[in-house]
There are 2 protein chains.
Amino acid sequence: MPPTVGTAPWTDEVFPEPPGLPEPLPEPAVDDLRLETVLAALSDPLRLTIVHRLLLESEQFDHACGWFGFDRPKSSLTHHFKALREAGITRQRQYGLERRSHVRVVDLNARFPGLLDLVAAWTPRA
Amino acid sequence: MPPTVGTAPWTDEVFPEPPGLPEPLPEPAVDDLRLETVLAALSDPLRLTIVHRLLLESEQFDHACGWFGFDRPKSSLTHHFKALREAGITRQRQYGLERRSHVRVVDLNARFPGLLDLVAAWTPRA
DNA sequence: TCCTTTGTACGACTTCAATCGTACTGCATG
DNA sequence: CATGCAGTACGATTGAAGTCGTACAAAGGA
């Protein structure tokens, strides 16, 4: 049985968005999320890995791109994190030097219920 | 409430695969279906439209590509139907002149539960 | 048998995205 | 204020994918 929306730990409101946070970087509104765009963003293996790990390994914290330990140039990582944010999958905030990301769980579950379950259940390069 | 796997009409075994059918064209096995590949195939608007209409408008029949009425050259349509089949989303059989397609509902629900619900709930160009 | 229909195969063109080097900005710390 | 660090912006290159014209193959009917 795959994880189900509302019962998996990562689907709880892990980020209650306490006041005083930096403003999120520009992102599409919930109603502007497009299934084609979201699927295209998730069809890249590296980006799928990012979202997968954010869902399963992060615990109530946002993560900067260095946290993932990818062996890629910084400019490549910037490209992919920007793609995820512009597709509406992640939210990014600036904390001093770092730009931390988390998955827009509530928004995505509202617009595309079940989608994040698929990402969470994904296994890389079977 | 979105349609749910197992209750929406199109999720029933609409194609009981009676004997005597032509052999399906080459396609990946269920266990070889990759989430990245499936998402990439569905991220194209025309292909998303094809799958969406196959799920909602087809009634226990397979459909040849002419049924959709797309105003595109035949070689373009061949390209997209082949992409869907090679991604494991559709099954194609040759019926005389026509090559008819249907969605591999059972296989996709087994590997990626909920995915077809998202496609069925999709609305083109909001 | 000829012709129409349905779709493929191949190839050319174009568009788009991934990759990544380099230079730069902005914060933060000493 | 100078240095270092996180990350961006820009641009070049590359490769993959969409688009589609043309030629061709197979089936079926007149």
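Lettering follows sequence order; numbering is per chain, from 1.
- Note on the helix from C/dT1-D/dA30 to C/dG30-D/dC1: terminal axis deviation equals 20°, with five pairs used at each end and the result rounded to 10°.
- Remark: side-chain polar atoms of B/Arg85 are not paired, donor with acceptor, to backbone N or O of B/Thr90 under 3.5 angstrom.
- Within the 4.0 Å cut-off from OP1 or OP2 of C/dT6, not a single side-chain nitrogen or oxygen of B/Arg99 is found.
- Going from atom CH2 of A/Trp67 over to atom P of D/dA6 covers 17 Å, rounded to whole Å.
- Salt-bridge formation is detected for the pair A/Asp107/A/Arg91: a Lys NZ or Arg NE/NH1/NH2 atom is positioned less than 4.0 Å from an Asp or Glu carboxylate oxygen.
- Using cut-offs of 30° and 60° for the angle between ring planes, the B/His63 and B/Phe68 rings count as perpendicular.
- Distance alone, capped at 3.5 Å, is enough to place a donor-acceptor pair between the B/Arg111 side chain and the B/Leu33 backbone.
- Following rounding to the nearest Å, A/Tyr95 (OH) and D/dG7 (P) show an atom-to-atom distance of 13 Å.
- Between A/Pro113 and B/Asp117 there is no side-chain heavy-atom pair separated by less than 4.5 Å.
- Across residues 75-90 of chain B, B/Ser75, B/Thr78 each have a non-hydrogen atom less than 4.0 Å from an atom of DNA chain C (numbered order).
- Between the side chain of B/Thr78 and the backbone N or O of B/Lys74 there is at least one donor-acceptor pair closer than 3.5 Å.
- D/dG7 atom C1' lies 8 Å from atom CD of A/Gln94, rounded to whole Å.
- Atoms CG (A/Leu48) and P (C/dA18) sit 13 Å apart, rounded to a whole Å.
- Note on B/Leu25: it does not cluster hydrophobically with B/Val51, by side-chain heavy-atom contacts below 4.5 Å among ILVMFWY residues.
- Using the six-membered ring where Trp is involved, B/Trp122 and B/His52 have ring planes that are perpendicular, over 60° apart on the 30 and 60° scheme.
- As a whole-Å value, the separation of A/Asp44 CG from C/dA17 P is 12 Å.
- Counting to the nearest Å, the C1' atom of C/dC16 and the CD atom of A/Glu36 are 17 Å from each other.
- Regarding contacts with the backbone of D/dG7, every side-chain N or O of A/Arg100 stays at 4.0 angstrom or more from both OP1 and OP2.
- As a whole-Å value, the separation of A/Phe70 CZ from C/dC20 P is 13 Å.
- Checking D/dG7, D/dG18, C/dG7 against every side-chain atom of A/Glu98, the shortest atom distance belongs to D/dG7.
- Whole-Å rounding puts the A/Leu97 CG to D/dA6 C1' distance at 5 Å.
- A donor-acceptor contact shorter than 3.5 Å is absent between the side chain of B/Arg100 and the backbone of B/Gln94.
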